Amino acid sequence: RYLANLLIQAYGRCGSLQKAKAVFHGIQNPNLFSYNMLLVAYAQNGDMQAASSLFYGMPCWDVVSWTAMVQGYADQGDLAHAKPLFDRARQRNIVLFTAMLAAYAQAGHLEEARALLKLMPEFNVVTWNAMLAGYAQAGLPEEAQALFSNGMAEWNLVSWNTMIQAYALLGQVDRSVLVFETMAVRDVVTWTSMLCAFNQSMDLISAKQVFDKMPERNVVSWNALVLAYAQSGQTDQASWLFHRLPSLDITSWNTMVAAYANVGHATEALESFYRMQLEGLEPDGTTLTHVLAACNHLGEPEQGRRCFALMGADGDGYHGLLPQKDHYLCMVTILARGGQLKDAAELLNYMPFEPQ
RNA sequence: GUCUAACUAUUCUAAU
């Protein structure tokens with residue numbers, strides 16, 4: 001059972017939910033660890049349907065189970081489910097509190113995050129980092145600065161890396177550089193954050209310099225450099241680099257599809273889209289957003305229809321993708337610009353979102 | 001019973 005539990009975790013980490021489930025069902029007497037492992041696997045892969053039905057079928061819950069659920073919903077941006085679950089948990093420890101705090105912070109609900117922080121019986125560096133990241137992503141470097149300098153009692157690499165991002169997001173790259181140079185220890189996230197800080201300010205030269213100096217690179221750093229070329233309009237360079245990446249993930253492909261789409265190279269964008277599937281990668285919602293943008297440039301509504309139809313409206317579509325608001329709106333635009341006004345209007349009516 | 005949970009980097013995505 002001990003080994004089986006670990007196997008569930010391993011399958012969960014690489015997204016093989018079917019296999020994780022099979023291992024779980026092969027255990028004669030699953031214990032709470034087994035349940036939690038599978039629950040975490042579902043939650044972290046965004047399958048909250050499965051997570052929820054497992055959760056309610058479990059013999060008992062502990063604080064880990066609650067945390068998994070709260071975090072799973074939070075990752076989907078579903079605070080409406082996360083918060084009530086958090087409220088219902090009897091046992092709350094710092095991890096559960098921090099998960100809820102991070103959920104608020106990531107969603108930009110800083111008031112709620114601050115209020116929760118006040119309720120917390122204890123804090124640690126992860127708690128403060130979660131708050132710090134909230135300020136950073138909301139574009140509030142002053143608040144982040146205040147918390148970083150006066151509000152926390154403990155700092156780690158994550159805190160410092162977050163500050164680089166906080167300044168970068170408001171275009172204060174000089175300050176990011178200052179933070180970077182102050183740091184005694186840096187990891188690959190530090191370096192990549194600095195690269196992206198220069199991307200923010202459209203400084204390709206500095207971005208490339210950072211990349212060349214990095215002591216260690218991973219697929220994220222490579223992707224960031226591809227983006228650097230793409231957003232400075234050097235699509236050919238981006239493509240050249242893309243073909244030399246040591247490893248490609250879905251973001252690499254999405255970045256490249258977007259690179260083509262953004263400069264109106266619709267055919268190349270669609271080609272990349274097909275090639276990524278030939279390579280065995282599953283497109284996600286972001287891929288389809290870029291693909292539809294490319295179709296919009298193409299000015300051929302039929303192509304747009306085909307791509308849009310890949311995402312089944314009833315959830316049974318391609319790779320289980322469901323069209324989101326941006327997909328609908330883009331498709332409406334494609335139809336409208338193609339003169340198919342009736343269908344555009346119909347889609348507007350049909351889509352499960354409020355039109356704006 | 002040594003196995004499970006929280007924080008930081010890359011996609012910016014319709015019309016304009």
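Source: prediction; values computed, not measured. Per chain, numbering begins at 1; letters A, B, ... match sequence-line order.
- Listed pair A:Gln165 / B:A9 meets the phosphate criterion, a side-chain N or O lying under 4.0 Å from OP1 or OP2.
- Between the side chain of A:Thr255 and the main chain of A:Leu227, no donor-acceptor pair closer than 3.5 Å is present.
- Rounded to whole Å, the distance from CG on A:Leu169 to P on B:U8 is 13 Å.
- Counting only heavy atoms from C-beta on, A:His290 has its side chain closest to B:C12 among B:A9, B:A5, B:C12.
- Proximity of the aromatic rings of A:Phe55 and A:Tyr35 is defined here by a centroid distance below 6.0 angstrom, and this criterion is not met.
- Every residue was checked against the salt bridge (Lys or Arg N to Asp or Glu O under 4.0 Å) condition with A:Lys21, not counting sequence neighbours, and none meets it.
- When the nucleotides B:C7, B:A6, B:U11 are ranked by their closest atom to the side chain of A:Ala258, B:U11 comes out on top.
- Rounded to whole Å, the distance from CE on A:Met163 to P on B:U8 is 15 Å.
- In this structure, A:Asp249 reaches neither bases nor backbone, as no heavy-atom distance under 4.0 Å exists between it and the strands shown.
- Considering only side-chain atoms of A:Cys196, the nucleotide from B:A9, B:U11, B:A6 that sits closest is B:A9.
- Atom CG of A:Leu147 is separated from atom C1' of B:C7 by 12 Å (rounded to the nearest Å).
- Of the listed nucleotides (B:C7, B:A14, B:U13), B:A14 has the atom at the smallest distance from the side chain of A:Thr333.
- A donor and an acceptor atom sit less than 3.5 Å apart, one in the side chain of A:Thr67 and one in the base of B:A5.
- For the C1' atoms, the distance linking B:C12 with B:U16 amounts to 16 Å, nearest Å.
- The side chain of A:Gln71 places an N or O atom within less than 4.0 Å of a non-bridging phosphate oxygen (OP1 or OP2) of B:C7.
- A:Phe211 has its CZ atom 16 Å from the P atom of B:U10, to the nearest Å.
- When the nucleotides B:U10, B:A14, B:A9 are ranked by their closest atom to the side chain of A:Asn296, B:A14 comes out on top.
- Here the closest heavy-atom approach between residue A:Ala107 and residue A:Leu79 is recorded as CB-CD1, 3.7 Å.
- A:Thr98 comes within 4.0 angstrom of a nucleotide base, judged by non-hydrogen atoms across all strands.
- Here A:His297 does not reach the OP1 or OP2 of B:A14: none of its side-chain N or O atoms lies under 4.0 Å away.
- In this structure, A:Glu154 reaches neither bases nor backbone, as no heavy-atom distance under 4.0 Å exists between it and the strands shown.
- Side-chain atoms of A:His297 come within 3.5 Å of backbone N or O of A:Ala261 as a donor-acceptor pair.
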Indicate every side-chain donor-acceptor pair of residues 148-158 of chain A with a distance under 3.5 Å to a residue at least two apart or in another chain.
| unit_1 | atom_1 | unit_2 | atom_2 | d |
| --- | --- | --- | --- | --- |
| A:Ser149 | OG | A:Gln145 | O | 2.8 |
| A:Ser149 | OG | A:Gln145 | OE1 | 3.1 |
| A:Trp155 | NE1 | A:Phe148 | O | 2.8 |
| A:Asn156 | OD1 | A:Asn129 | ND2 | 3.1 |
| A:Asn156 | OD1 | A:Val158 | N | 3.0 |
| A:Asn156 | OD1 | A:Ser159 | N | 3.1 |
| A:Asn156 | OD1 | A:Ser159 | OG | 3.0 |

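- Out of B:A14, B:A6, B:C7, the shortest distance to the side chain of A:Ala130 is found at B:C7.
- When heavy atoms are screened at a 4.0 angstrom cut-off, A:Thr251 is found touching base atoms of the nucleic acid.
- In terms of hydrophobic clustering, with Ile, Leu, Val, Met, Phe, Trp and Tyr side chains grouped at heavy-atom distances under 4.5 Å, A:Ile250 and A:Phe242 are assigned to a common cluster.
- For the OP1/OP2 pair of B:C12 and a distance below 4.0 Å, the side-chain nitrogens and oxygens of A:Asn262 include at least one atom meeting the criterion.
- Base contact: A:Asn124 has a heavy atom under 4.0 Å from a base atom.
- Rounded to whole Å, the distance from CG on A:Leu347 to C1' on B:A14 is 12 Å.
- Side-chain heavy atoms closer than 4.5 Å link hydrophobic residues (I, L, V, M, F, W, Y) into clusters, and following such links, possibly through other members, connects A:Val226 to A:Phe211.
- In the set B:A6, B:A5, B:U8, B:A5 carries the atom at the smallest distance from any side-chain atom of A:Val63.
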Any protein N or O atoms within reach of nucleotides 1-3 of chain B? Criterion: under 3.5 Å, listing atom names and distances.
| unit_1 | atom_1 | unit_2 | atom_2 | d |
| --- | --- | --- | --- | --- |
| B:C3 | O2 | A:Asn5 | ND2 | 3.0 |

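- The base of B:A6 lies outside donor-acceptor range of the side chain of A:Asn93, with no N or O pair under 3.5 Å.
- Residue-level contact check: A:Arg13 touches the backbone only, with heavy atoms under 4.0 Å from sugar-phosphate atoms and none from bases.
- Between A:Asn349 and A:Glu346 there is no side-chain heavy-atom pair separated by less than 4.5 Å.
- For A:Gln106, counting side-chain heavy atoms from C-beta on, the closest listed nucleotide (B:A6, B:U8, B:U10) is B:U8.
- Using a 4.0 Å heavy-atom cutoff across all strands shown, A:Thr162 reaches sugar-phosphate atoms only and no base atom.
- Separating the OH atom of A:Tyr135 from the P atom of B:C7 is a distance of 18 Å, rounded to the nearest angstrom.
- Taking only side-chain nitrogens and oxygens, A:Gln137 comes nearer than 4.0 Å to OP1 or OP2 of B:A9.
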